[in-house]
*Asks:* 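Quick one: this structure, given as structure tokens, is what I'll be asking you about.
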Amino acid sequence: MGAAEDEVVQLTSELIQIDSSNTGELETTTGEAEAAAYVDAKLREVGYGTEIVESGAPGRHNAFCRLPGADSSRPALLVHGHLDVVPFTAEDWSVHPLSGAVQDGYVWGRGAVDMKDMDAMILALARQFRAEGVVPPRDLVFAFLADEEAGGAYGSHWLAEHRPDLFAGCSEALGEVGGFSVTLGEDLRVYPVMTAEKSIAWMRLRVRSRPGHGSMVHDENAVTILAEAVARLGRHRFPLVLTESVQGFFDEITALTGIEFPTESAAALDGAVAKLGGVARVVGATTRDTANPTMLSAGYKANVIPAVAEATVDCRVLPGRQEAFERELDEILGPDVEREWIRNLPAVETAFSGDLVDTMTAAVQAEDPGCHTLPYMMSGGTDAKAFEKLGMRCFGFAPLRLPPDLDFTALFHGTDERVPVDALHFGTRVLERILRTC
Ligand SMILES: [Zn+2]
């Protein structure tokens, strides 16, 4: 067992014990500095010159180091993980979410799969390479980041905007979410590589109209106009659109299993996707844009018709669909509804091809002979959105070989989040192969 494989479980456990819950509020998000200091100390211990960078607000700390490669004329590879986690309700768990307990073959706790597992693999390999004098084929930039779980405004997006020098020369990025095995049949495993993400587009709708007395006839009520528009939008089904990543996913699954993915109707496609088990949750949301109303607000007294009514809608748009999506939105909403983006982080997509994809495939096949890789799109968003802005091709591949019956996607942000110990060892070996041959 290599040095990294030897310590990866302990590093995962210790990272989990640092409470880096990201509440989305600056005042109450506090643990990232401690997590970054932990990583920084581990890196300095083996001789790295490291940098801690504060990204836009006190305590939002990120840790960086660089390992020079054999060929400095080649572009560097960014290997990144986020140090924050989503909050938890400890009472719901069977072990304390900050325990980092190692029991029953798992490491337990918040962040075990999102993504202190990958942080620990990256950290362990960074340490091993430095300690053993391993020279990777090209420069590796290791980044441990703040604020991914709230969208990265105080993490990756701030860094991309204010400190692009940290990523100088990086042409590709390797991070979450992908690389976990999906079992399709007896000894048939695939490892999805994330090559695309939908946008995160939060929209405010507003209707301004004539206020009035609640007792009188009034046919321009802002609440009524808004409610009708929200209902139309909430019930609307956007068209099926299969981008390259999603089509590539379906094609590969069909080739391996014979499952067909008919596209003549959304219902037929959804039915086929449902056969994929837990991963259907993610894949099902990547075949069309979605717009889900999530908040409503209007009025201040029962007998006053307000002048303004507002709603918030969570929109997730496919790569290449933004303009068409907005045209469709305007048709549905009509002329009386104003709309604005509260947050709009664009969709990203890169091709499932090239040397790094081949490297990832060869690495995982060396550790799990006969397995396959395939592209897929995330329905959510990650730090990849920030690095894509800097011109990098972004891939999500945090390798884990999982037991076939583990409902892995339910563990993300879920109760009893945990990662198999042997999957951490497996992932470290795969990642080592990738970083040695990238
Ligand atoms: Zn994550």
Side-chain angles (χ1 to χ4, degrees), residues 21-29 56-57 60 86-87 147-158 161 197-239 241 285 288-348 379-381 385-386 389 413:
S21 297
N22 187 341
T23 62
E25 306 291 334
L26 284 176
E27 309 76 51
T28 47
T29 300
R60 310 312 294 263
V86 291
D147 200 33
E148 192 275 343
E149 295 292 0
Y154 295 100
S156 59
H157 286 278
W158 189 95
E161 189 173 336
E197 294 181 359
K198 291 177 92 176
S199 78
I200 301 175
W202 296 343
M203 177 172 68
R204 181 170 297 123
L205 301 181
R206 187 179 293 116
V207 172
R208 300 176 205 269
S209 192
R210 188 164 54 82
H213 197 293
S215 70
M216 297 179 191
V217 173
H218 193 297
D219 53 12
E220 298 160 60
N221 185 324
V223 175
T224 308
I225 297 167
L226 180 80
E228 286 171 343
V230 166
R232 283 196 301 276
L233 182 56
R235 295 201 184 286
H236 183 72
R237 289 294 165 265
F238 289 86
V241 177
R288 74 199 74 144
D289 307 323
T290 55
N292 280 312
T294 49
M295 297 164 79
L296 282 171
S297 123
Y300 53 91
K301 193 166 186 295
N303 62 354
V304 179
I305 295 169
V308 180
E310 293 184 343
T312 306
V313 186
D314 185 354
C315 304
R316 306 298 177 116
V317 185
L318 294 167
R321 273 275 306 167
Q322 188 67 26
E323 270 182 45
F325 177 78
E326 293 197 28
R327 272 200 307 277
E328 211 163 324
L329 267 186
D330 289 336
E331 269 173 42
I332 297 160
L333 295 173
D336 299 330
V337 183
E338 303 165 19
R339 62 172 173 84
E340 63 175 326
W341 298 114
I342 309 165
R343 174 172 292 180
N344 194 353
L345 300 172
V348 296
S379 53
K385 292 190 188 315
K389 284 194 293 195
H413 301 190

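All values below come from the heavy atoms of this structure, side chains included, with hydrogens, waters and symmetry mates left out.
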*Asks:* Kindly compute the distance separating CZ (Phe325) from OG1 (Thr290), expressed to the nearest 0.5 Å.
*Replies:* 7.5 Å

*Asks:* Quick test of your reading: applying ring pair (Phe, Tyr, Trp, His ring centres under 6.0 Å), list the pairs with at least one residue in residues 201-223, sequence neighbours left out, ordered by first then second residue.
*Replies:* none

*Asks:* Hey, what do you get for CE (Met203) to CD (Glu338), rounding to the nearest 0.5 Å?
*Replies:* 12.5 Å

*Asks:* Should the pair Glu161-Lys389 be classified as a salt bridge under the 4.0 Å nitrogen-to-oxygen rule?
*Replies:* no

*Asks:* With a 3.5 Å distance limit and no angle check, can you tell me whether Arg208 reaches the backbone of Ala307 through a side-chain donor-acceptor pair?
*Replies:* no

*Asks:* Say whether, by atom type as modelled, one donor and one acceptor occur between the side chain of Arg204 and the main chain of Ile342 under 3.5 angstrom.
*Replies:* no

*Asks:* Is the shortest side-chain heavy-atom distance between Val207 and Glu228 below 4.5 Å?
*Replies:* no

*Asks:* Ignoring hydrogens, what is the shortest heavy-atom contact between Val241 and Arg321? Give both atom names and the distance.
*Replies:* CG2-CD, 3.9 Å

*Asks:* I'd like to check the side chain to side chain donor-acceptor pair (under 3.5 Å) partners of Gln322; sequence neighbours left out, ordered by chain and number.
*Replies:* Glu326

*Asks:* Listed by chain and number, what are the side chain to side chain donor-acceptor pair (under 3.5 Å) partners of His236, not counting sequence neighbours?
*Replies:* Glu328

*Asks:* Could you pull out the closest heavy-atom pair between Ala222 and Ala309, with the gap in Å?
*Replies:* O-CB, 3.7 Å

*Asks:* List in chain and number order the residues that pass side chain to side chain donor-acceptor pair (under 3.5 Å) with Glu220, two or more places apart in sequence or in another chain; answer none if no residue qualifies.
*Replies:* Arg210

*Asks:* Could you grab the distance from atom CZ of Arg237 to atom CZ of Arg288, nearest 0.5 Å is fine?
*Replies:* 7.0 Å

*Asks:* Would you say the side chain of Val230 lies within less than 4.5 Å of the side chain of Val337, judging by non-hydrogen atoms?
*Replies:* no

*Asks:* Search all heavy atoms of Phe238 against all heavy atoms of Ala291 and return the closest pair with its distance.
*Replies:* CE1-CB, 3.9 Å

*Asks:* Minimum heavy-atom separation for Val308 and Ala298, please, with both atom names.
*Replies:* O-CB, 3.9 Å

*Asks:* Without swapping roles, check the side chain of Ser209 against the backbone of Asn221 for a donor-acceptor pair under 3.5 Å.
*Replies:* no

*Asks:* Test side chain to side chain contact (heavy atoms under 4.5 Å, CB included) on Thr29 and Glu149; report intermediate values, then the result.
*Replies:* CA-CA 11 Å; Thr29 300; Glu149 295 292 0; over 6 Å; no

*Asks:* With sequence neighbours excluded, tell me which residues meet side chain to side chain donor-acceptor pair (under 3.5 Å) with Asp147.
*Replies:* Asn22, Arg60

*Asks:* Measure the spacing between CD1 of Ile200 and SG of Cys315 and express it to the nearest 0.5 Å.
*Replies:* 12.0 Å

*Asks:* Does Glu340 CD have over 12 foreign heavy atoms under 6.0 Å away?
*Replies:* yes

*Asks:* Only pairs under 3.5 Å count here: list side-chain donor-acceptor contacts from residues 299-306, not counting sequence neighbours, and write none if there are none.
*Replies:*
{"unit_1": "Lys301", "atom_1": "NZ", "unit_2": "Asn303", "atom_2": "OD1", "d": "3.0"}

*Asks:* Salt bridge or not between Asp289 and Lys198? Use side-chain N to carboxylate O under 4.0 Å.
*Replies:* no

*Asks:* Considering all heavy atoms of both residues, which atom of Ala153 and which atom of Trp158 are nearest to each other, and what is their separation?
*Replies:* O-CB, 3.3 Å

*Asks:* Checking Thr312 side chain against Thr294 main chain: does a donor-acceptor pair fall under 3.5 Å?
*Replies:* no

*Asks:* Measure the spacing between CG of Leu205 and CG of Asp336 and express it to the nearest 0.5 Å.
*Replies:* 12.5 Å

